[in-house]
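As a basis for the values below, the full set of heavy atoms in this structure was taken, side chains included, without hydrogen atoms, waters or symmetry mates. Small disclaimer: the values here were computed from a predicted structure and weren't measured.
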Amino acid sequence: MEKIEVKYDNKIVKYFAYATVTWGIIGMLVGLIAALQLAFPDFFNDYLGFKYISFGRIRPLHTNAVIFAFVGNAIFTGVYYSLQRLLKTRMWSDKLSYINFWGWQLIIVSAVITLPMGFTSSKEYAELEWPIDIAITLLWVIFGWNMFATILVRRVKHLYVAIWFYIGTFVTVAVLHIFNSFEIPIHFMKSYSWYSGVQDALVQWWYGHNAVAFFLTTPFLGLMYYFVPKAANRPIYSYKLSIIHFWALIFLYIWAGPHHLLYSSLPDWAQSLGVVFSIMLIAPSWGGMLNGLLTLRGAWDKVRDSAILKFFVVALTAYGMATFEGPLLSLKNVNSITHFTDWIVAHVHVGGLGWNGMLIFGMMYYLFPKLFKVKLYSEALANTHFWIATLGILLWTIPMYWAGFSQGLMWQEFNPDGTLAYPDFLSTVTALKPFYIMRSLGGLIYISGVFLMAYNIYKTVKSGVFSKDEVVLIADTSNKHHNEKGEYWHKVIERKPVRLMVFSLIVIAIGGIVEIIPTMVVESNIQKITQVKPYTPLEIEGRDIYIREGCVGCHSQMIRPLRFETERYGEYSKAGEFVYDHPFLWGSKRTGPDLAREGGLRSDSWHYSHMIMPKEISPGSIMPAYPWLAEDDLNTSHIEKKIKVLQGLGVPYPKGFEKQAKTDLEKQALGIAENIVQDLSKKESTTTASDIANKELIALIAYLQRLGTDIKAVPATETDVETSIK
């Protein structure tokens, strides 16, 4: 058979690999700083803290840098390397490849700039504002176009299993990102979510859970199906198991998002669907893990000698643990203990540090010697990195599991007389400080291994020779296979990439359609409570500051219908309370107490002092201070546009209200300022109301004092509830 010369593009792989290592170090360093801020708040918050690196702003920077910069670049590295070799052809367009690379780095840099500045939508894993969302969409289309065009000009007939996962990833991430990013711009870096309240929460966690599924899982399963057999020099254990794994996984995963909202105001039927499909997810997830591990059957002696295979084995083990734990956490009796606690943080990092991190490290050690045609500089250093990384994972996650379990049980503990054993939330925070210190140590150890890897790679690169074009001779077999009687049914699908993509789209769309559309159009799903009114202009501005400072990262606004929560916080939250919330702010972690009923519990002056010096007001607190809020003037130049946008989204402000909004804002601000000054005057303060009335902190206090007051003002009755399409 005649051989054809093909030149694989190694340069694009090298670029993405360098970016992976670089952004990995940066993202993990930011995470380490955030961990240290909680472990040593007196030093890292009070002496090194200022607004651009406050915890609320750098936490989303850490998650975005790790997910989209470190993991994202690793996905492109592995896909661009494996796709060319599996299809036996160069990428369809070098130009699109490099647009993909430079465009993605530009998006990451924009995140690094905007998130510390406070430009955020507040949505978990989707914090970037609307111009960056549009750029992400365009870059993702460019990547998919280049990938799919390459598939169409392939020189093999069948598509290997890894490519199924690449196609499924491309299709699903596109759908998730586009639908979750529907937002109405206010100005260049500010927008309001098109959805409100319960619907916004459902769409967000439909996206949030499946961002984990289809950005952090399915592409890595594709990489696993390529790199594990290559590194072990053995075929994948079971072709039929890979078929079941792929189709079952992409069908079931998309339904599981509501398990993030158990005991919330989401309709019960949607919560139940999330639980059922989460439990079913164990089967395909463990099928993929076992397919990877059993590929090494009879070759475990290679694992003993190969650092690469060691990384892959621990990655698969971490994947198995995380995908067992996810369904476990979706059980309501478990969720009532673990939700909002550090257990969830540990769960996420088993996946991030173990599954994603260890697979990436193994892939880097595999790729660089191949790209530079030289042996790895030091196998011993690679093995040292493996043990350091494994130790770091254990020291990171075990304290957080312990902390989360302790936290959940302390919240729920009652005295014999029926009162809460720990009524002061702060007592549950101070008990966790030793665990936060241990977590920081684990993170420090883990990242030290990454520096070791960077050194090993540097020395490997220096001793090797790189060729941007890898020349190979291949046989073109793209037209050698035809449908044959008795052929396995899936072979037919594998030969038709367009059909495979369409089937994937249909399979992933079913779950989203069934869960989301009824919540949007069936009136009885969301009940509007007549006593709940829209926010005042000052409260709108305060809410936006709350979002900007990342307060939702530490405080929930969702009281679950559980006795220990209603005893601590008050009446449980109802769907009708959130119909005017664009975006929703239910939160996913309680580093601080829930704020759903915060309004009226404390004086304006208490909030004023607490935001400036939280540790003096609440001894033992790990909350950072926000002195700049008392110094920076409130920018009200966009309040008219905000009112108009909210009106367009269905918030019932009177016609022409935007014209008087600023006047109302100033009046309410002055009233709050006078309350504060009146209390401060008792402490011989010379501050006047006019000195502080135009400060950002006054707007934030207005918002905090509003939370839950509509419900508390007049007890809700059956006649107060009316249905609404919102």
Side-chain angles (χ1 to χ4, degrees), residues 1-10 12-13 75-76 78-94 96-97 143-172 218-219 221-250 287-288 291-292 295 469-508:
M1 184 179 294
E2 184 180 354
K3 299 284 186 177
I4 302 172
E5 183 181 281
V6 176
K7 294 181 179 179
Y8 296 147
D9 182 5
N10 281 345
I12 189 65
V13 179
I75 292 170
F76 293 130
V79 169
Y80 276 105
Y81 181 85
S82 62
L83 197 68
Q84 296 180 81
R85 287 152 182 82
L86 289 171
L87 301 177
K88 300 190 184 303
T89 185
R90 190 180 181 91
M91 293 304 298
W92 183 71
S93 169
D94 287 0
L96 290 183
S97 297
F143 162 65
W145 180 6
N146 200 17
M147 178 181 73
F148 216 78
T150 306
I151 293 172
L152 294 177
V153 298
R154 67 195 183 280
R155 292 190 172 90
V156 294
K157 194 66 178 176
H158 289 285
L159 297 179
Y160 179 64
V161 57
I163 300 173
W164 314 345
F165 282 94
Y166 299 161
I167 292 173
T169 297
F170 166 68
V171 169
T172 313
T218 54
L221 289 169
L223 299 178
M224 179 275 288
Y225 273 112
Y226 179 82
F227 285 102
V228 170
K230 280 290 186 182
N233 196 26
R234 297 176 68 85
I236 197 69
Y237 171 69
S238 172
Y239 165 70
K240 290 185 179 180
L241 182 56
S242 68
I243 295 171
I244 298 170
H245 177 209
F246 173 71
W247 291 107
L249 193 78
I250 67 170
N291 214 5
T295 298
D469 296 320
E470 181 180 336
V471 180
V472 295
L473 294 175
I474 63 99
D476 189 338
T477 61
S478 57
N479 295 312
K480 300 300 180 184
H481 291 87
H482 305 282
N483 292 351
E484 298 175 5
K485 188 175 181 180
E487 183 179 39
Y488 196 71
W489 64 271
H490 201 267
K491 293 282 188 181
V492 179
I493 299 176
E494 292 167 39
R495 289 199 291 271
K496 303 290 185 180
V498 175
R499 182 184 301 173
L500 180 62
M501 182 178 70
V502 172
F503 285 173
S504 299
L505 180 60
I506 293 171
V507 167
I508 65 99

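For the pair Val471 and Val6, the minimum side-chain heavy-atom distance is 4.5 Å or more. At least one side-chain heavy atom of Asn146 sits under 4.5 Å from a side-chain heavy atom of Ser97. Side chains of Leu159 and Arg154 form a contact here, defined as non-hydrogen atoms less than 4.5 Å apart. The closest side-chain heavy-atom distance from Ile167 to Ile151 is below 4.5 Å. Counting only heavy atoms from C-beta outward, the side chains of Tyr237 and Ser242 never approach each other to under 4.5 Å. In this structure the side chain of Lys230 never reaches within 4.5 angstrom of the side chain of Ser82, judged on heavy atoms. Within the 4.5 Å cutoff, the side chain of Leu505 has heavy atoms near those of the Ile508 side chain. Leu223 is listed as a side-chain neighbour of Tyr166, based on a closest heavy-atom distance under 4.5 Å.
A distance of 9.5 Å separates CD1 in Ile163 from CG in Leu500, rounded to the nearest 0.5 Å. The distance from atom CG of Asn291 to atom NE2 of His245, rounded to the nearest 0.5 Å, is 8.0 Å. Atom OG1 in Thr218 sits 8.5 Å away from atom CZ in Phe246 (nearest 0.5 Å). To the nearest 0.5 Å, atoms CD1 (Ile250) and CG (Leu221) are separated by 12.0 Å. Atoms CD1 and CE, on Ile506 and Met501 in that order, are 11.0 Å from each other to the nearest 0.5 Å. Atom CD1 in Ile474 sits 5.5 Å away from atom CG in Asp476 (nearest 0.5 Å).
A side-chain N or O of Thr89 and one of Arg155 form a donor-acceptor pair less than 3.5 Å apart. For the residue pair Trp164/His490, the side-chain donor-acceptor check at 3.5 Å is not satisfied.
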Quiz item: Passes side-chain contact (heavy atoms from CB on, under 4.5 Å), Thr477 versus Lys157? Steps please.
Solution: CA-CA 6 Å; Thr477 61; Lys157 194 66 178 176; 5.7 Å; no

Self-check item: Residue pair Tyr226, Tyr81: steps toward the side-chain contact (heavy atoms from CB on, under 4.5 Å) verdict
Solution: CA-CA 10 Å; Tyr226 179 82; Tyr81 181 85; 3.7 Å; yes

Quiz item: For Phe503 and Trp247, what are the C-alpha separation, side-chain angles and deciding distance, and is it a side-chain contact (heavy atoms from CB on, under 4.5 Å)?
Solution: CA-CA 10 Å; Phe503 285 173; Trp247 291 107; 3.7 Å; yes

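Closest non-hydrogen pair, Gly287 versus Leu241, comes out as O-CD2, 3.5 Å. Taking both residues in full, the closest heavy atoms of Ser93 and Leu96 are given as OG-N, 3.0 Å, listed atom of the first, atom of the second, then distance. Minimum heavy-atom separation, Leu86 to Ala162: CD1-CB, 4.0 Å. Closest approach of Pro229 and Tyr160 over heavy atoms only: CG-OH, 4.0 Å.
Between Tyr225 and Phe165, the angle of the ring planes stays under 30°, which puts this pair in the parallel group of the 30/60° scheme.
Arg499 places no side-chain N or O within donor-acceptor distance of the main-chain N or O of Ile493, the cut-off being under 3.5 Å. Formation of a donor-acceptor pair under 3.5 Å by the Tyr80 side chain with backbone atoms of Asp9 is not found in this model.
Sparse packing is recorded around CH2 of Trp145, with 12 or fewer heavy atoms of other residues, nucleotides or ligands lying under 6.0 Å away.
Classification of Asp469 and Arg90 as a salt-bridged pair holds, one side-chain N sitting under 4.0 Å from a carboxylate O. Remark: Arg85 engages Glu470 in a salt bridge, criterion side-chain N to carboxylate O under 4.0 Å.
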